[in-house]
Amino acid sequence: MTQATAEGSADERLARRDPLRRLLVRPEFGALIGAVALFVLFSVTADAFLQTSSFSNVLYSASTFGIMAVGVSLLMIGGEFDLSAGVMVISSALVASLVSFQLTLNVWAGVAISLVVTLALGVLNGVLYVWTRLPSFIVTLATFLMLAGANLGVTKAVTGNVASDSIGDMDGFQSAKGLFASEVGIGGVNVKVTVFWWIGFTAVATWILLRTRAGNWIFAVGGNADSARAVGVPVARTKIALFAGVAFCAWFSGMHLLFAFPAIQSGEGIGNEFFYIICAVIGGCLLTGGYGSAIGAAIGAFIYGMVNQGIVYAGWNPDWFRFFLGAALLAATVLNHVVRRRAER
Amino acid sequence: MTALVKLTGVGKGYGSVIALRDVSLEVGAGEVVCVLGDNGAGKSTLIKIVAGLHRHDTGTYEVDGRPVAFASPRDALDLGIATVYQDLAVVPLMPVWRNFFLGSEKRKGLGRLDVDLMRRTTRDELLAMGIDLRDVDQPIGTLSGGERQCVAIARAVYFGAKVLVLDEPTAALGVKQAGVVLRYIVQARERGLGVVFITHNPHHAYPVGDRFLILNRGRPIGYHAKDEITREELTALMAGGAELEQLAHELQATGTTAAARELNEDARELGITDDD
């Protein structure tokens, strides 16, 4: 140790930051190691895992959560939670479905109205958070409960049933399905279109985070909101926009559900918000905000998809799925904590 | 010459608490005004008003001769009033260069950050202040307190501040690092900036200040040019002479005579006692 400093730089206070150390302190690093380990584990134990068709299933499973994890991870880097994200996906799908069916509109009209309504829900979360100055955990817990109730109540009142009516034969359904829920053949394997959206969303989010002013602001409001405010960052606006970002992802996921399974069960979605947060946290987002990455969240979602499908291919009892996920979460948070202490030192 | 920043009879209350009352202050270009006071004297409230974080309730606040009432720190920044806070100047987990440009990011079309320019500028500006950072990508939380303070000052100067407001920049620093910061204050004055230097240490304030405003319990108890006041008088005002003397009496009563005698000596030396 002393030797290293002696022959090192002229200023002994400047620690050397070699490339390996740089990699080690990246937020995604722990998740990447975990992903590789799980990939090897399932490749060895489950023969079917490496078949292209089953791998396509893993990617699909990862993408449905990964798309949400993009919005949720940005929000978490911005220092906030959104517990209403899971039911908001269902709300979004229900709005599009009910509006199209009841008013006999082209489904694209329903899709557009749903986008407006869902974004408004996201902005509402943000505005409530800013106004009340309560922790977002509490504010979105309230909107989560209200949305969960409204999903059931409105659907029953309108359709007389707990599920929305099927819109599969309505105008515009096929073209909307093409955008939100189709399959793309690559080298003889059918890959769900959500996989490409997932990758696209992750790329855009990464670009925003690292290469735009908005990204700088997201890190700042999560890392130290008072400092950010003092140097002129519009903290309230940034946070509201982040809640709206989650809502946008919820809208997209809702549209996928609607066009993949034309009738929507109004009681679903509850609990999924935790899986989105788990993807983000496994991917290196700090629960306290100010640190993390969208790529990490994507790796987190990939881990989720691998565990979810891999257990089945390996012939293990799927009851253990949540156990594995919990263990992965614990390992990830401990690792993140250590990394953060190092980064701050 | 009109003052860059001029407060006249400014007051501020939080609910039933009057945090600041009837404070007047003037800073011109190339001037350092020191605001001294103990904890709870109203220094932070004053700084928040000047910085645009809070709005004053009474009195007037003029910048370049025009009355202002800022809605946010952004408004104050736009008029060239930059505030460097002791503890909330930076976001610890963000790289040095992102902190340097936070809130005033350089962009090159389509909303893209000009990362190379910002990295280079940060390195050069810090080098000009004598801080040689090999890696401006390291989290700013890894720098020492003095370095962080200097990053914040360099940043304010770079962004064309006309008035620098420094909130206890030397409070948490060792002797040597405090000296470094004081040198930058003098440098800023020589560049023609106005400086409002908040501190509770008269030994830091006296060498660099042109004028001294002393606050106690939210009220001004002295506003002096440097030639009207000696370092000893300033220290005495700061310490609140009467309180020091009272403490001596109390200590005497409880039997700690040695300490009491010492305090009395101090009080006499400072010329703030009338008995004995």
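Just so it is clear, the values below take in all heavy atoms, side chains as well, and ignore hydrogens, waters and symmetry mates. Chain naming here is simple, since letters A, B, ... match the order of the sequence lines and numbering starts at 1 in each.
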Heavy-atom contact with chain A under 4.5 Å, split by part of B/Arg107: side chain
Part of B/Leu77 within contact of chain A (heavy atom distance under 4.5 Å): side chain
Looking at every heavy atom in both [X] and [Y], which two are closest together, and how far apart are they?
{"X": "B/Arg98", "Y": "A/Asn216", "answer": "NH1-OD1, 2.8 Å"}
{"X": "A/Asn224", "Y": "B/Val90", "answer": "ND2-O, 3.5 Å"}
{"X": "B/Pro73", "Y": "A/Ala230", "answer": "CB-O, 3.6 Å"}

Could you tell me whether [X] atom [atom1] has more than 12 heavy atoms of other residues or ligands within 6.0 Å of it?
{"X": "A/Phe137", "atom1": "CZ", "answer": "no"}
{"X": "A/Leu119", "atom1": "CG", "answer": "yes"}
{"X": "B/Lys6", "atom1": "NZ", "answer": "no"}

From CG (B/Leu93) to CZ (A/Phe219), nearest 0.5 Å: 10.0 Å
Region of A/Ile208 that comes under 4.5 Å of a non-hydrogen atom in chain B: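 No part of A/Ile208 comes within 4.5 Å of chain B.
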